[in-house]
Amino acid sequence: RLPFEITGPLARPGTRIGPFSDLRHWGGSPRPLRVGVVGAGTGGGGVVAPQGGLPGLIRITGVAVRGERRPRPDLPAGVPVTNEARAVLASGCEVLLELAGGTEPAGDIVHAALSAGMSVITANKALLALRGAELAAVAERNGAGLHGSAAVGGGMPAIECVRAAVRHGPVRRITGVLNGTCNYVLDRIAGGASFEASVRDAQEAGFAEADPSLDLDGIDAASKLAVLVREAWGVNPDIRTTGIRETGLPANPRTGGVQRLVARAARGAGGRLAATVGPEFLDPSEFLAGARGVGNRLEVELESGQVLQATGAGAGRWPTALAVLSDLSRAVGARSARATAGRQAQVA
Ligand code: HSE
């Protein structure tokens with residue numbers, strides 16, 4: 001119920017909004033968006049749980065979960081639960097949330113949904129890094145949307161930040177702290193905890209991937225960087241990747257240095273792209289060094305020298321759910337725009 005202001009990177013002072021009483025004004029949707037969900041773990045469970053608080057906006061038509069079917073008190077009552085992702089595709093949804101992770105079978109499900117003209121919202125960075133260009137083309141051919149805000153940066157608007165930069169001109173470099181688990185583990189180690197205990201805590205807190213080596217070996221950050229590079233330059237980069245395993249971590253070359261897993265991509269002379277992910281000691285005054293705990297930070301520099309920065313909680317249930325909800329609002333908005341265009345065409 002608070003008034004607030006909306007603006008964007010490089011934009012002028014924004015638009016004052018509200019005070020509105022709740023999210024019912026969101027997208028001006030005339031009827032609930034029918035949403036199918038594949039994966040109801042950390043991220044998926046967070047999206048499904050609050051939708052009871054968004055009356056009139058979303059109706060969940062089906063949820064696919066892994067493993068044995070058991071009572072799910074965390075899901076809205078009456079929602080069909082299945083082990084079959086394909087059954088969710090056939091549940092009458094307009095939008096599919098793919099929150100299961102892994103490249104397969106998630107890739108085939110997303111492909112099938114887009115081919116059927118269904119929009120897809122995914123938090124799957126591995127899939128977008130591997131097949132993002134192909135899936136975006138399938139989406140375009142079928143008039144569907146492919147949204148992946150939650151795939152990079154969690155609650156930090158990373159893809160949005162790069163897109164905003166691209167709208168303003170060619171991008172020179174992208175630099176980011178893109179993995180919450182590594183931050184968390186490095187902070188804990190700096191505070192005297194053991195590597196193993198820190199990783200275990202990150203898993204228990206729901207930050208780490210099901211296979212935490214994806215975080216610790218830098219693969220998760222590299223996938224996220226690949227997604228951002230494609231947004232910025234339209235290419236698939238080769239990324240030299242080093243993780244944060246305890247052995248091999250470089251010694252701190254400076255007093256008070258802050259260690260972070262840093263993702264870098266930049267265009268050098270002749271337009272050649274160099275991309276790396278690896279641990280670095282940063283000066284505490286640097287923007288990226290301010291990423292604490294599961295916080296993520298991103299800096300995008302344009303060829304013009306202008307710099308955009310974004311920060312936000314990069315991992316965990318609610319930051320992921322928030323990013324998915326922002327994509328859902330885009331899907332609702334796109335549907336309203338299509339409906340308006342259809343009405344205008346009829347009038348014409
Ligand atoms: N394991 C990931 C991280 C989750 O720690 O950043 C969010 O992508």
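We count ligands from 1, going down the list as the structure has it; atoms in each ligand are counted the same way.
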**Q** Under 4.0 Å from a heavy atom of Glu209: which atoms of ligand 1 are those, numbered in the order shown and with their elements?
**A** 1 (N), 2 (C), 4 (C)

**Q** Hey, are the side chains of Leu146 and Leu128 touching, using non-hydrogen atoms and a 4.5 Å cut-off?
**A** yes

**Q** Are Thr181 and Glu209 close enough that a side-chain donor and a side-chain acceptor fall under 3.5 Å?
**A**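 Thr181 vs Glu209: no donor-acceptor pair found between side chains.
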
**Q** Taking only heavy atoms of Lys224 into account, list the atoms of ligand 1 that are under 4.0 Å away from them.
**A**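 Atoms satisfying the 4.0 Å criterion: 2 (C), 3 (C), 6 (O), 7 (C), 8 (O).
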
**Q** Considering only NZ, NE, NH1 and NH2 on the basic side and carboxylate oxygens on the acidic side, decide whether Arg260 and Glu286 come within less than 4.0 Å.
**A** no

**Q** Check the side chains of Arg292 and Asn183 for a donor-acceptor pair under 3.5 angstrom, ignoring hydrogens and angles.
**A** no

**Q** Under a 4.0 Å threshold between the charged nitrogen and the carboxylate oxygen, would Asp108 count as salt-bridged to Arg131?
**A**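 Yes, Arg131 and Asp108 are salt-bridged.
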
**Q** Hey, does the side chain of Arg163 reach the backbone of Glu231 with a donor-acceptor pair shorter than 3.5 angstrom?
**A**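 No; zero donor-acceptor contacts below 3.5 Å.
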
**Q** Gly314 near ligand 1, heavy-atom distance under 4.0 Å?
**A** yes

**Q** Below 3.5 Å, N or O to N or O, backbone or side chain included: is there any such pair between Phe207 and ligand 1?
**A**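 N/O-N/O distance below 3.5 Å exists for this pair.
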
**Q** Under 4.0 Å from a heavy atom of Asp215: which atoms of ligand 1 are those, numbered in the order shown and with their elements?
**A** 1 (N), 2 (C), 3 (C), 5 (O)

**Q** Check each atom of ligand 1 against the heavy atoms of Thr181 and keep those under 4.0 Å away; list them by number with element.
**A**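 Within the 4.0 Å cut-off of Thr181, ligand 1 contributes 1 (N), 3 (C), 5 (O).
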
**Q** For Gly180, is at least one N or O under 3.5 Å away from an N or O on ligand 1?
**A**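 Yes, there is a polar N/O contact under 3.5 Å.
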
